[in-house]
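All figures in this text were calculated on a predicted structure; none of them were measured in a lab. First the proteins, then the strands, lettered A, B, ... as listed; each starts at 1.
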Amino acid sequence: MSGSPKLAVQFDGVSKLLAGRQILDKLSFDVRQGETFVIIGYSGTGKSVTLRHMVGLMPPDEGSIRVENEEITTMSRRELEIMRRKFGVLFQSGALIAWLSLFENVELPLVEHTKMSRKKRAEIVQQKLEIVNLWQDREKYPAEISGGMKKRAGLARALALDPGIVLYDEPTSGLDPVIANEIDKLINRLKREHNMTQIVVTHDMDSAFEIGDRIGMFYKGSMIQIGTPEEIQTSTVPEVQHFITGGREGALSRRATTAIIRGVAPGMLSQRSLEAIKAEAPVATAEPGYVLLSEEEAEAAGVAPAEEPDFPTERDLAPEETEGPVETATQKPEPESLEPEESDT
Amino acid sequence: MNWKDNVISRALKGAGFTFVLLLEAIGHSTQLWHRRRAIFTQMHVIGTQSIPIASFFMLLIGMVFALQVGIEFARFGQTNLVGLVIVAAMVRELGPWMTGFVLIARVGSSMAAEIGTMRVAEEIDALEVMSINPASFVVMPRIVAYSIMGPVLTVVGTLVGIIGGGIVSNLQLGVTWADYLRFAEDGAEALDIYWGLLKSFVFSIAAASVACASGMKTEGGAVGVGRASRNTVVLSLTLVVFFNYLLTSFYRIVKMFVSGVI
Ligand SMILES: Nc1ncnc2c1ncn2[C@@H]1O[C@H](COP(=O)(O)OP(=O)(O)O)[C@@H](O)[C@H]1O
Ligand SMILES: [Mg+2]
């Protein structure tokens with residue numbers, strides 16, 4: 001990683017006007033080969049649009065996009081088709097073909113782009129479906145499975161041709177914590193074992209910190225900060241702070257009951273720490289170090305709802321002891337950062 | 001003025017998009033064998049499954065038509081000739097476009113909705129990202145299957161309609177089957193049959209292209225899917241009656257030419 005690392009994707013001054021709104025506004029960032037680059041940002045602001053630009057599904061109004069040093073904005077349709085084989089893309093809803101079984105969905109890229117024998121294809125499909133734990137469901141059709149399973153099957157399909165770069169559009173949203181955690185682990189494994197370049201759009205800050213080599217905060221059409229997880233966690237950029245702490249809480253608190261875990265700062269709520277919550281804080285006490293859980297999470301954790309304040313009070317939020325399971329629990333959020341400045345739907 | 005410009009330019013754009021998509025799909029017909037499974041599936045959905053409803057429609061239309069013709073012909077004491085008129089009308093007009101209508105209602109609308117759903121669920125994008133051309137993977141099999149099964153269904157529907165006419169003629173008008181069939185033979189010659197099939201082929205291609213194009217152009221979630229489906233029905237029906245007029249006009253010229261009138 002010393003010197004100048006090779007770049008997988010480069011955005012340079014990319015702008016895009018959609019339906020009269022400047023969705024991308026001189027967006028510039030680089031993704032290095034082999035890294036996991038996480039894009040965070042409010043819903044409906046243009047993260048998916050950014051991914052679509054990366055694979056040439058949308059042309060920019062201006063600016064340059066390079067994939068492995070090749071300018072893609074001027075490519076012909078044929079050239080784009082070849083370029084896209086470098087990518088595997090997991091779409092937000094999985095985007096499985098409805099009339100094909102899971103097996104056939106994962107097999108599809110192999111059927112279309114390789115001359116493999118049926119047997120060889122079946123081997124690869126099995127391998128990919130096993131990675132996402134869906135081999136036993138291979139005969140099922142997309143309409144028969146849950147959203148999380150669709151996403152995992154979509155991931156298996158994205159990996160079918162062993163792409164060098166994988167794009168994930170909100171891979172963990174809507175998944176239960178255990179499976180979300182498994183996806184995170186898988187992303188880390190793909191980086192470790194296959195040196196894949198991975199670009200992940202997510203709202204899930206736990207996931208972002210877990211998988212990201214670098215995190216970029218997308219805001220009003222461009223990246224307002226790009227940094228390591230540590231840098232983002234200790235960011236002094238107000239919008240970033242708001243997003244990773246207040247923004248998240250704001251979004252949750254509307255339907256949240258409070259539950260507690262000691263030593264974890266707000267916004268650092270780990271869906272994965274349910275076990276810890278059960279063990280450590282079975283009941284919502286008045287102890288400091290509150291974390292917000294959604295109703296479902298609280299219910300899953302068996303935590304009784306507290307007195308249901310809309311927001312935790314200052315006192316509730318102040319972490320007293322910071323030796324808890326998350327070492328990043330150092331931040332004390334500004335009270336005003338709890339108010340969502342901008343509704344994110 | 002502005003309004004007109006908008007409507008006209010949108011219509012032209014839509015027509016252009018549809019036409020280009022059709023050409024693209026035709027360009028991908030080199031993959032006919034590769035896509036055989038999809039084509040057969042579509043042929044089943046479009047054709048086989050439409051046979052009952054199309055037959056039912058055509059049977060009743062043939063029956064009603066026979067009654068109406070019978071009323072008029074009775075005035076001249078020519079009830080025996082109903083077979084001729086029924087067959088002529090069935091083969092040249094009612095068969096092709098009534099089965100066309102049935103297919104649009106049953107298949108065209110759902111085809112647009114299906115592809116529209118694929119569009120809004122990012123499935124079309126996913127195909128493009130996998131470098132699988134949707135014009136080949138989604139559109140071509142549907143247009144091919146539709147344009148095969150449209151004429152097939154027309155043949156079936158026309159026959160059923162003629163049978164329906166025969167039943168009514170026999171039971172209610174007192175025409176013997178022998179007379180019915182004897183005059184029926186005069187109702188259509190080879191050219192008429194080919195022309196009826198040509199009509200059906202044109203209607204099928206038009207309806208399938210419109211359905212696929214509206215589906216591909218869908219935007220705006222479930223509402224957009226509904227809109228695509230509705231637009232498909234309205235537009236395809238319009239195209240069918242329009243092309244039908246053109247083709248009948250052509251037919252008249254060809255018929256006159258063949259019979260030596262011009
Ligand atoms: N094809 C399109 N035409 C017009 N507007 C679009 C299109 N695609 C996305 N948008 C708009 O761009 C904005 C950003 O969308 P998106 O990138 O999907 O957001 P997110 O950051 O949640 O992924 C949204 O307001 C959306 O309505
Ligand atoms: Mg999105």
Side-chain angles (χ1 to χ4, degrees), chain A residues 18-19 48-49 51-58 67 75 77-100 104-115 142-143 147 150-151 153-155 157-161 163 165-170, chain B residues 20-21 23-24 27-28 30-46 49 107 110-142 145 212 215-222 224-225:
Chain A
L18 278 173
S48 297
V49 167
L51 292 187
R52 296 168 67 81
H53 277 76
M54 221 174 272
V55 286
L57 281 177
M58 254 188 201
V67 173
M75 280 185 178
R77 185 170 183 149
R78 183 83 203 114
E79 289 171 318
L80 276 178
E81 283 188 0
I82 294 166
M83 181 280 291
R84 283 175 185 151
R85 291 186 198 167
K86 296 181 173 138
F87 284 96
V89 181
L90 171 58
F91 283 88
Q92 217 159 332
S93 57
L96 301 172
I97 303 301
W99 64 82
L100 299 179
E104 291 163 330
N105 261 289
V106 178
E107 193 188 23
L108 183 62
L110 304 170
V111 174
E112 295 288 327
H113 295 307
T114 69
K115 298 213 182 324
K150 281 182 203 166
K151 260 187 201 178
L155 179 53
R157 184 181 66 183
L159 298 176
L161 289 173
I165 310 172
V166 186
L167 310 186
Y168 302 80
D169 200 347
E170 302 189 15
Chain B
V20 168
L21 188 65
L23 291 184
E24 255 190 273
H28 286 290
T30 46
Q31 299 199 297
L32 228 44
W33 180 248
H34 181 55
R35 304 249 176 262
R36 63 190 179 283
R37 210 186 111 195
I39 294 173
F40 284 135
T41 309
Q42 288 301 320
M43 281 170 72
H44 180 66
V45 172
I46 296 166
Q49 292 182 353
V107 176
S110 64
M111 193 179 278
E114 187 187 17
I115 299 178
T117 305
M118 292 183 73
R119 167 59 83 191
V120 299
E122 298 181 307
E123 288 172 44
I124 301 289
D125 293 328
L127 287 172
E128 295 214 15
V129 168
M130 291 187 283
S131 295
I132 300 171
N133 194 325
S136 162
F137 187 79
V138 179
V139 176
M140 187 273 280
R142 281 168 175 73
C212 291
M216 293 288 282
K217 274 192 307 188
T218 303
E219 47 187 49
V225 173

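In terms of heavy atoms, B:Cys212 sits closest to B:Met111 at SG-SD, 4.1 Å. Shortest non-hydrogen contact noted between B:Ala126 and A:Phe91 is CA-CE1, 3.4 Å. Between B:Glu24 and B:Ala135, the shortest heavy-atom distance links the atoms OE2-CB, 3.5 Å. A:Lys151 and A:Gln92 get closest at one heavy-atom pair: CE-O, 2.8 Å.
The contact between B:Leu127 and chain A is made entirely by side chain atoms (from C-beta outward), counting heavy-atom distances below 4.5 Å. Interface remark: B:Met130 contributes backbone and side-chain atoms alike to the contact with chain A (heavy atom separation under 4.5 Å). Contacts of A:Leu57 with chain B are made by side-chain atoms alone, with heavy-atom separations under 4.5 Å and no backbone atom involved. Of the atoms belonging to A:Leu96, it is backbone heavy atoms, and not side-chain ones, that fall under 4.5 Å from chain B. Of the two parts of A:Leu100, only the side chain, counted from C-beta on, holds a non-hydrogen atom closer than 4.5 Å to a non-hydrogen atom of chain B.
Counting heavy-atom pairs closer than 4.5 Å to chain B, the top-ranked of the candidates A:Arg84, A:Glu81, A:Met83, A:Arg52 is A:Arg84. Ranked by heavy-atom pairs under 4.5 Å with chain B, the first of A:Ile97, A:Val111, A:Val89, A:Val55 is A:Ile97.
Side-chain atoms of A:Arg85 do not come within 3.5 Å of backbone N or O of A:Leu161 as any donor-acceptor pair. Looking at B:Arg142, its side chain never comes within 3.5 Å of a backbone N or O of B:Gln42 through a donor-acceptor pair.
Put simply, the side chain of B:Leu21 reaches to within 4.5 Å of the side chain of B:Met216, judged on heavy atoms. At a threshold of 4.5 Å between non-hydrogen side-chain atoms, the residues B:Asp125 and B:Arg119 count as touching.
Along residues 32-40 of chain B, the residues that come nearer than 4.5 angstrom to chain A, judged on non-hydrogen atoms, are B:His34, B:Arg35, B:Arg37 in order of number.
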side-chain contact (heavy atoms from CB on, under 4.5 Å) between A:Leu155 and A:Leu159, intermediate numbers included: CA-CA 6 Å; A:Leu155 179 53; A:Leu159 298 176; 4.1 Å; yes
